Visitor: 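Dropping a structure here in C-alpha cells format, bear with me for questions.
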Amino acid sequence: MLVEALALSAVLFTIGVIGVLTRRNAIIIFMCVELMLNAVNLSFVALSTLHGATGQVFVVFTMTVAAAEAAVGLAIIIAIFRHTQTVNLQNINILKG
Amino acid sequence: MTAFLSSINYSAWIVPVLLLLPAFGAVGLLAHARLSAGDAADKRWREARLLALAFFVAEAILSLGLWWSVDPAVAGWQAAVDLPWIPQWGIRFTVGLDGISMTLVLLTTLLMPLVILGSWTSIRSKVHSYYALLMLLTVGMLGVFVSLDLVLFYVMWEIMLVPMYLIIGVWGGERRLYASLKFFIYTMVGSLLMLVAILYLGSEASRVLGSPTFSYDFILNNVRLDPTTTLWLFGAFALAFAVKVPMFPFHTWLPDAHVEAPTAGSVILAAIMLKMGTFGFIRFALPLFPSAAMNPAVRTFMVTLAVIGIVYGALVALVQPDFKKLVAYSSVSHLGFVMLGIFALTVESMQGALMVTINHGVSTGALFLLIGMIYERRHTRMIADYGGIAKVVPIFATILTIVCLSSIGVPGTNGFIGEFLVLVGSYKTQPLATIIAATSVVFAAAYMLWALQRIIYNPMTKPENEGLKDLNWREIGLMVPLLIAILWLGVYPKPLLDKTEPAARRLVESVQTAAARTPARATNGAR
Amino acid sequence: MNYELANPSQLMQAFAPDLLLMGGAMVLMLWAAWRPESNEHQRAVGKASLALIAATIGMTLWYSTRGLSSSLGVIAVDNFRWATDLICLLGAAGAIALSMDYNVRERILPAESHVLVLFATSGMMVLAAARDLMIVFLGIELMSVAIYVLAGLNRRSEKSAEGSLKYFLLGAFATGFLLYGVALIYGATGSTNLVEIGERVVRGNFIGHPMMLVGTGLLLVGFGFKVAAAPFHMWAPDVYEGAPTPITAFMATAVKAAAFATFLRVWIEAMPGMGEAWFAPIWWLAALAMFLGNTVALAQRNMKRLLAYSSIAHTGYLLVAVATGTLGGSAAFLFYLVAYSLASFGAFAVVITVGREGDANNDLSDYEGLWSVRPWLAIAMSVFMLSLMGFPVFGGIGFFGKWYLLMAAIEAPRPLTTLAIVLVLTSVVSAGYYLNVVRVMFMKPRPEGARDPEPAGALTRGVVLATAVAILALGIMPTRVISWSRGSIPRPPHVQAAAVDAPR
Amino acid sequence: MMIPAMTPEGAHPLATTVARLVWLLPLLPLLGFLINGTLAMLGVAKVGPADPSAGHDEHAHAAHTGGHDDHAHHAPTRHKFAGIVSLIGPGVLIAAFGLAVACFLAMRGVEMEHPYIVTLYQWMPVGDLNLAATFQLDQLSMVMVLVVTGVGTLIHVFSVGYMQEDPGYPRYFAYLNLFIFFMLILVLGGNYPLLFVGWEGVGLCSYLLIGFWFSEKANADAGKKAFIVNRIGDFGFLVAMFLMFANLGALDFGNVAAKAAELPMGGVMATTICLFLFLGCAGKSAQIPLYVWLPDAMAGPTPVSALIHAATMVTAGVYLIARSATLFSMAPTAQLVVALVGGLTAFFAATIGLKQWDIKKVLAYSTVSQLGYMFVAVGVGAYVAGIFHLVTHAFFKALLFLGSGSVIYAMHAAYHATHKHDDAQDMRNMGGLRKFMPVTFYLMWIATLAIAGIPFFSGFFSKDEILGSVFARAHGSTLADASLLGVPGGTILMLIYGLGLASALMTAIYMTRMMLYTFHGPNRTGEAERPHLAEAPWIMTGPLVVLGALSLVGGWLNVPALLGAIGPVGVLDHWLEPVVGEAALRTTLGAAPHMTHETELMLVGVAIAIATAGIAFAVWRLKPAALVAKKDAVAPQGIDRILENKYFVDEGYDKGIVQPTLDVSRVVLWKGLDTGIIDGLFVNGSALLARAIGWMGSQLQTGQVGTYAWVLLIGVITLLGAFTFR
C-alpha cells in the first residue's frame, strides 16, 4: 500500500512538473504547481503510516501555505493582466538578457 | 650621521612613518580640495602641487637616513617593526629592510619628487585626486619593499593597482580605457594565484608552528614542502612576478600601459613598479622555493624566457613608431637582463641584476620624463613627427643623448655596469644564454640610436618643430639628479654595490645550499 | 540559560525576538491600512517599522549576549541564529530606509510595503531559528510570499509585475521540489528534526539510501533556487531588475542571507553524514555559479541586472564555504555574508541615488562621468565595486571575505584547492565588469546634456555612507568581525559533543 | 683587483718619477671636454619658459637660423667663444703631450721589468670579480700614449684653422677632447673592462663626430652605422671577457697573461677567446667583414677622419692584440685567422681604393688596407712590426688626411665664394692644385711615397718588416705548423705574403692616382672658382709640416739589421721586448726568426720593385688631362662599376641583414607574435571568450518562464543524476 501511494504521488508530481513545463497560461501553470504540492502531501500522508503523525502535521502546514500562496499568486496574476491584458506567459517577456 | 640617527631612534619609527606620511598626504590633499573649493582653479592647482611636492620632499629627506642607518653587513632585518594586525589569522604588520630593499626604497622616495616636478605643469585637471593617488601609490610601492609578512606584502602588492589604474585611465592618452583595464586585469591574474599560494604556505606554516602565521622569516626557515607542491607554489609566485616584471610572454600590457599613461605614470611604472616583480623573485620566489628555483628544468625555462625577452624586446623596439612604445619594449629587454642575472644565481650576476634594477629605474625614468617634456610641447610621441630638433632644443637633445647612451649601456654610464655584471656573472652558469643575451648590445644600440637620430638629428622637415622651446630651469633641475646618478653609478658604483653585496651573497648562498639539501626531483607526491 | 523547548512558555521565550517582530508587524499592518494612502503616512509607517526593527535588534543583541542554549527541538537557540537575525534585520532596516525615499520618488504610496518587509523579515528570523524541516518550509514560505508581493509593489511598472509573476511561478515550482525533498528525507529517516536526521543518517548509514539521496538532491534544488545558484538562478536577474530597487537590495542581501543561513544549518546539522553524496554536486554548483554569474555579468548594461549576476557569482563564492563542510567554512561563510551584504547594499543604494523616476537611469551609460558631478558618490560606488571584487584596502572587508573563504577552502580536510583557483580566476573575470563601472564613472566624460543626479534623501545618503565607511573601516581592522563570525557558527549538539578543532 | 704580486705598487721604480702623475694624462682632456662642453651649451642654449605647455611662440625660431644652415661651416662669423676654446682645446692636448714625453723620459731613465700599475679606486668589487680602476703604464702603452697625444695635438691645432667658422666650434673641441680622454683610457687601462670603457668611449666620440653635422641625414646615418657595426665587434669583445673571467678567473692584463700561459698550446679555450677578441678588433679596426663603417665615417670633419679614423682609434684593435700577445701566442689557429683576415682586408680594400673618386674615400679604403697590414703583422706574432706600422701609418695617414682636408678646405672656400654647390671632395673636380697649394702638394707626396713603400720613407721600413716577418714565419713557427680548415699554416702564410705584395702594388697605384688627379694635370674646378683656390693658413700647414717630417724619418724607429749602416738597429724592438717579446718568441719557436742576408735582400728588392712598379704604372697609364668634372662624368661599366660601388657590399648587408631583421621584427615579431598571437589570441582572445560566453549566457535568459522552468528541470535532473549515480 505504501509503495503504491508513493508511486502515485510521484506520478502526480511528474504530471504537475510536465504541466508547468508545457503550459503557457499562468493560471494553469499555477494549478500544476498546486498539483505538485498535493502530490507531495500524498507522500507525507502515506509516509506517516510508517513514521507517525509528523507527516500529517506537515500536510496541514502545506495546505495552509498553499492557500496563502494562491491568494497572493492570483493577485499577482491580476496585476500583470492589468498591464498586458493577457496571462499567456509567452507574451510576458520584457525582462530578459 | 649614524650617531645622530641612533640618538633620535631613527630605525624604530622610520618605516612606519615612511608608509604613513604619504597616506596622510593623500588625506591632506583631499582636505585641501574640500577647503579650497571656492578658490580659483589656478590657485587650487598651484597649491595642490606645492603641497604634494612638500610631502614627497619630506618623505625623501626622511628616507635618506636609511643609507646610513641600514648596515648591509648585519644579517638580520633592520629598521624592523613588528606589530599585531589580525591576530586570529596570525597576520602581522612586520616590516624591515636589508641592503636590497633599502636601495629600492631610496630609489622610490628619491624619484617621487622628480615625478611630481615632471608633471608640474602637464596635469591640470582634478589635480588633488591625481596627487592623492600618487601618494597612495607610494604607500603601496614602499610597502612591497618593506613587508615581511606575506599577507601584508600581498595587500601592499595589490593596493598599487587601483591608483595606477586611475592614473592611467583618467589622465592617460587616447586608448587609456583599454590600457588601464588591461594593466589591472593582467596583473590581477598573476597576483590572485599568488594569493592562493600564500594561503597554502600560511596553512603549512601554521601546521608547523601550531598557531597561524604568515611570517616571512618563519616560513623561510621552517616550512619544508615536497618537491611537487614547491613547484606549484613557485609557479604561482613566479607568474605574479613575471607579469609584473614583465617577462616574455606576459609583457603585452606594458607597451599599452606605458604609452597611455601620463608621464608620472610611465615613470613610476618603469622605474619602480616593474622592480616589484624582480624584487619579488629576489625576496620571495627564490628563497622560499629554492628547490624549485634551482630545478634545472625550471631554471632553464626561466633563463630562456629571460633571454627571449632580451632579444625579442630589443628587436620589437627596433620597429616601433611611437617613442614611448619603443622605450616600453626596451624595458622588456632590460628587465630580461635582471631575470637572467637572478636565475644565473651567481653573486656577480645577482649584483648585476640589482644594478640593472636601479639603472633601469634611473635611465628609463629619465627617458619617460624627457618624452613627457617634449610631449607637453608638441603633443605627439611619434618619432616621425620629430627630426632635427637638436638645433632648436640643444639642452633637451644633450640630455636625451646622455640618457639614451645610458640605456644602451655605454661604458662610463650606469647601464654598462649593470649589464656587464649580469653577463659576466651569468656566463659562469649559463654560458649559451649569456652569449645570446650579449647580442642585445648590438640591438640596443640600433633601436636607441636610430630613434635618437630620427628625433634630434636629421634635417628638420616639420615646420611645427621650429618653434619648440628648450627645457626650462625646472625641467633641467629635475633631470640633473638623474644625470648625476647615471654618471656616478657608471664611474663609481662601489658604494651602491657595497650596500647590496652582503644581501646578494646571502641570497645566492642560501638558495644554493637549500636547494642542495632538498634535491629537486619531480615526484608523484601529494596533491 | 538553557531553554526546555518542550515547555511551551520556554519555547515562547526562546522565540521572543521573532514574536516581537511578528506581533509588531501585525499592529503596524493595521495602522498602515487604517489611513488613506499618502506620502506622509508611508513615511510614518516606515519610521515606525524602523523603530520596530531597532527594538528587535536590541532584543536580539540582548539575547545574543546571554549565552543562551536550548534543548533539542524545533528551533535552535544559538549564536548562528542571532548572527543571521542581525544581518537580516539590518538588511530590512536598510531596505525600509531606502524605500522611504524611493517610494516617494516612484509614487509607491501603500504604506503596507514597509510592513511587508517586516513580514518577510520575520520569515527570515524563523528560517534562522529553524531546526526542523517543517519550520524551514514555513520560514521559506513566510519570507517568499511577502517577497512575491514586494517584488510587484510598483503597480505602475509592468516590469515590476512581470518580475513578481516570474518569481512567484518559479518560486512555487521550486517549492514543490523542496517539499518533495523534505517528504523523501522524512520518509527515509522518519524525522524532520535536523539534528535527529543528522544522527540517524550517521547511525543508519543512509548514505546509499535512494530516498535519502533523491531527497537531499531535491532539498538542494530548493535551497539552490532561493539563493540563486546556477542553474536555478534564471529568475534572479529578471526579478532583481523588475523589483523596486530597495526591494532588490533586500533580496540580494537579507533574503539571500536567510536562505543561505538555513541552507548552511541544514547542511551542518543534518547532512554531514551525506558528505560523500553532496560534495561533488555542491562543488559543481559553486563552480557553475561563479563562472556563469561572472561571465554573463560582463554582457550587462543595466546596473540592476549587472548586480543581479554579480550576486549569482557571490552565491557561488558562498557555496565554496558550504562545500568545505567545516566549522572554519561556516565562520568564513558568516564573515563573507557580512562583507557581501554591506557592499551589495551600498551598491544598490547608489543605484537608487543615480536612478530617476520610473526606475529610469539604471543604464551603465547613466554613470558616465559621475565622478565629475558627484565625486563622493562615485568614490563610494568604487569602494562597493572593489569590495565585491575582493580588493584589499580600497575594497575594504571584501578582500578579507575572499581571503577567509579561500583559507577555509584550502584548510578543509578535503582541500578545495581547485575550487579556490576557480574562485580567484572567476574573480579576475569579475574585474571585467566591476572595474568597468569604475571606469565609466571616472574615465568617461559626462555626456552632453546629462542631468545631474537628484540630491538623495538623508536616509539614502546615510545608507551609502554607513556601508562605505563600514567596508573601509572593517577592511583595515577586521578582527572584531572575525571573532564575531567565529563565535557565531552553527554548532549542532552532536558536533559540540565531539572535540572539534577551533575554526580559524 | 688582483694586483700582480710581483709588482708591489710602491716599489716600482716609476713610482718616484713624474710617471706617478699618469692619472693626469686622461684628466687633462677630460677637463678640456668639460670646459668646452659647457661653453658649447652656453653658446646655443636658450632655457625655455616656466610653463612649456603654453602655446608656441611663433617667432621663436627667428632667433635660430633654423634647420637650413646644413653645412654650418658656411656661416661667415666665428663663434663667440672661439678664442677661449682655441686656447683650451689644443692647450690641454699640448699639456698632455708634454706630460707623456716627461713620462717617456722617466721610463727611459729607469730599469723596468714589470708594468707600472696605478690603482685609482675599487670599481666593481663584486664576488670574485674584484675589478679596480687601474692604469697600466708600460712600454707598449707609452708608445700609444705618445702617438695619441702627439698626433692628437697636431690635429687639434689643425682643427683650429679648419673649423674656425663652424657654429659648432666649441662642441667640436669638446668631442675631440673627450675622444682623447677615452683613447687614453683605452691605452692606459690596466684591465680588459677598463680598456673596454675606452674602447666604447672612443666609439661614442666617433659616433658624435661623424654625425657632427647632424642635420644631414647621411652624416647621422654614418655615425649610427659606425656605432652599431662597432657594437657587433664589441659583442665579441664582451664574450671574450666572459670567457676569460669564467676560465682564467681574471680580467686584468697581468693575470690573464699569466693564466693564459698555462693554457694548453693551441687549445680550444685560448683559440675561442682569441677569436672573440678578434671579432672586437675587426669591428673597431674595420676588418672584413665589419669594415663597412669606416668609409662612411668620412662624413665627419676631415681632421676627425685623420685623428680617429686613421691615426688612433682604428688602430685600437692592433693594440688590443699586441696587449693580448700571450693569449694569441697560445692559439696559432686564431693567429692564422687574424693574419689571413688582415691579408684579405688589405687586398680587398686596396682593390676598391683603385676606383674611388672621393679623395677621402680613397684614403679611407687605404686605411682599411693598411690596417689589414697591421693585422697581418700582429697575426703572425710580429707584434713589434705591427706597432711599428701603426706608428708610421699614424704619421703618414694623418698627413694624407690633413692634406686632403686642406685641399677640401680650399675647394670649399672656392665654392663658397661663388655660391656654387658641387662636390668639394671629388677628385674629378680638382686637378692641378699643385700651383695653388704647393706646401700641401709636396707634403702629400712625401706621405704618398711613404705609404707606397719607397725606400727610406717611413712606410718602407714598417711595411717591409711586416712582409719579411710573414715570409720568415712561413718557414718556421707555430703558425706554419698549425693549420686552418685543413690547409697547412705555411701555405696560408705564403698566400698572405702574396696578398701583401699585391696590396703593396695596388697601394702604390691608387695613391699615385690620387696625387695625379688632385694636384697634376689641368684644373677642373671651374673658371669662376679658380681664383679663389688658395693654400690653407699656417695654423693648418704647420701641423702638416711636422707630420711630413715624421713621415720622412719615422722609419728610423726600427731600422732592420740589414740596413744597420743608416742608424741604430731595432730601437722599437728593444723597447717593446719586455711586453711582447716572450709571446713573439713562443710563436717563432723560441728563436729569433732567422733569414739569410740573401733572402732578406731579395725580399727587400721585391718590395722596392713592386712599389716603384706601381707608381710607374700609374704614371704611365693614368691621364689626368683626360678626366672630366664630376657632373660630366659617365657611369662606369663592368669591373669598374663593381669597384666604384665597393662590390655592393653595403647593399648586400642592407638587403641580406638589415632589412630582413627589420621586416622580421615588424611583421613576424611585433605584428604577428606580439600584437597578433600573444595580445590578440591569448590576452584579448580570452577577454573576448569570456564576453562571448557571457553573451551566450544572456541569450539563454530569454525572459520566458517556460525556458527558465526547463533549465531548472535540467538542473534538477542533472543534480539527481549526480546524487544517485556516483
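Side-chain atoms are counted along with the backbone in the values below, which use heavy atoms only and exclude waters and symmetry mates. Worth saying up front: this structure is predicted, and the values here are computed from it rather than measured.
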Visitor: Which one, C:Ala420, C:Ser483, C:Gly432, leads in non-hydrogen pairs under 4.5 Å with chain B?
Guide: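 Of C:Ala420, C:Ser483, C:Gly432, C:Ser483 has the most heavy-atom pairs under 4.5 Å with chain B.
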
Visitor: Please indicate whether C:Trp284 has more than 12 foreign heavy atoms, meaning atoms of other residues, nucleotides or ligands, lying under 6.0 Å from its CH2.
Guide: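 No, the 6.0 Å shell around CH2 holds no more than 12 heavy atoms from other groups.
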
Visitor: Identify which part of C:Leu435 has an atom lying under 4.5 Å from any heavy atom of chain B, answering side chain, backbone, both or neither.
Guide: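 Contact with chain B involves both backbone and side-chain atoms of C:Leu435.
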
Visitor: Output yes when a side-chain donor or acceptor of C:Arg439 lies under 3.5 Å from a complementary backbone atom of B:Leu177, and no otherwise.
Guide: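 Yes: the side chain of C:Arg439 pairs with the backbone of B:Leu177.
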
Visitor: Does CZ belonging to B:Phe218 count more than 12 external heavy atoms closer than 6.0 Å?
Guide: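 Yes, enclosed.
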
Visitor: I need the B:Leu199 CG to C:Ile410 CD1 distance, nearest 0.5 Å.
Guide: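 Between atom CG of B:Leu199 and atom CD1 of C:Ile410 there are 4.5 Å.
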
Visitor: Would you check if C:Phe399 and B:Leu195 make a side-chain contact, meaning some heavy-atom pair closer than 4.5 Å?
Guide: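 Answer yes - side chains close enough.
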
Visitor: Output the option from B:Leu193, B:Val196, B:Ile159, B:Leu136 having the highest count of non-hydrogen pairs under 4.5 Å with chain C.
Guide: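 Max contact count across the listed options: B:Ile159.
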
Visitor: Is it the side chain or the backbone of B:Trp157 that comes within 4.5 Å of chain C heavy atoms, both, or neither?
Guide: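 Interface part for B:Trp157: neither.
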
Visitor: Taking side chain as C-beta onward, heavy atoms only, is C:Val393 less than 4.5 Å from B:Glu158?
Guide: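 No, side chains not in contact.
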
Visitor: What are the two closest non-hydrogen atoms of C:Arg486 and B:Gln88, and how far apart are they?
Guide: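 For C:Arg486 versus B:Gln88, the nearest heavy atoms are NH2-O, 3.1 Å.
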
Visitor: Heavy-atom distance under 4.5 Å to chain B: side chain of C:Phe400, backbone, both or neither?
Guide: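 Answer is both: backbone and side chain atoms of C:Phe400 are under 4.5 Å from chain B.
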
Visitor: Check each atom of B:Ile86 against the heavy atoms of chain C and say whether the ones under 4.5 Å are side chain, backbone, both or neither.
Guide: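 Answer is both: backbone and side chain atoms of B:Ile86 are under 4.5 Å from chain C.
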
Visitor: Is it the side chain or the backbone of B:Ser180 that comes within 4.5 Å of chain C heavy atoms, both, or neither?
Guide: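 Contact with chain C involves the side chain of B:Ser180 alone.
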
Visitor: Any donor and acceptor pair, going by atom type alone, linking the side chain of B:Trp85 with main-chain N or O of C:Ile476 inside 3.5 Å?
Guide: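 Yes.
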
Visitor: Counting only non-hydrogen atoms closer than 4.5 Å, does C:Phe391 touch chain B with its backbone (N, CA, C, O), its side chain (CB onward), both, or neither?
Guide: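 Side chain of C:Phe391 only, per the 4.5 Å heavy-atom cut-off to chain B.
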
Visitor: Could you check whether C:Phe394 and B:Tyr165 have their ring centres less than 6.0 Å apart?
Guide: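 When the ring centroids of B:Tyr165 and C:Phe394 are compared, they turn out to be at least 6.0 Å apart.
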
Visitor: Is C:Trp371 in contact with chain B via its backbone, its side chain, both, or neither, using a 4.5 Å heavy-atom distance?
Guide: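 Just its side chain gets close to chain B.
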
Visitor: If I compare all heavy atoms of B:Arg176 with all of C:Met443, which pair ends up nearest, and what's the gap?
Guide: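 Answer, listing the atom of B:Arg176 first, then C:Met443: NH2-O, 2.9 Å.
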
Visitor: So which heavy atom on C:Ala431 is nearest to which on B:Leu181, and how close?
Guide: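 Minimum heavy-atom separation between C:Ala431 and B:Leu181: O-CD1, 4.5 Å.
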
Visitor: Which one of C:Val428, C:Val438, C:Leu425, C:Leu386 has the most heavy-atom pairs closer than 4.5 Å to chain B?
Guide: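 Greatest number of close heavy-atom pairs with chain B: C:Val428.
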
Visitor: With rounding to the nearest 0.5 angstrom, report the CG to CG distance, B:Leu192 to C:Leu406.
Guide: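 It comes to 8.5 Å.
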
Visitor: Using non-hydrogen atoms only, which part of C:Ser382 is less than 4.5 Å away from chain B: side chain, backbone, both, or neither?
Guide: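 For C:Ser382, there is no contact with chain B at all, as no heavy atom is under 4.5 Å.
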
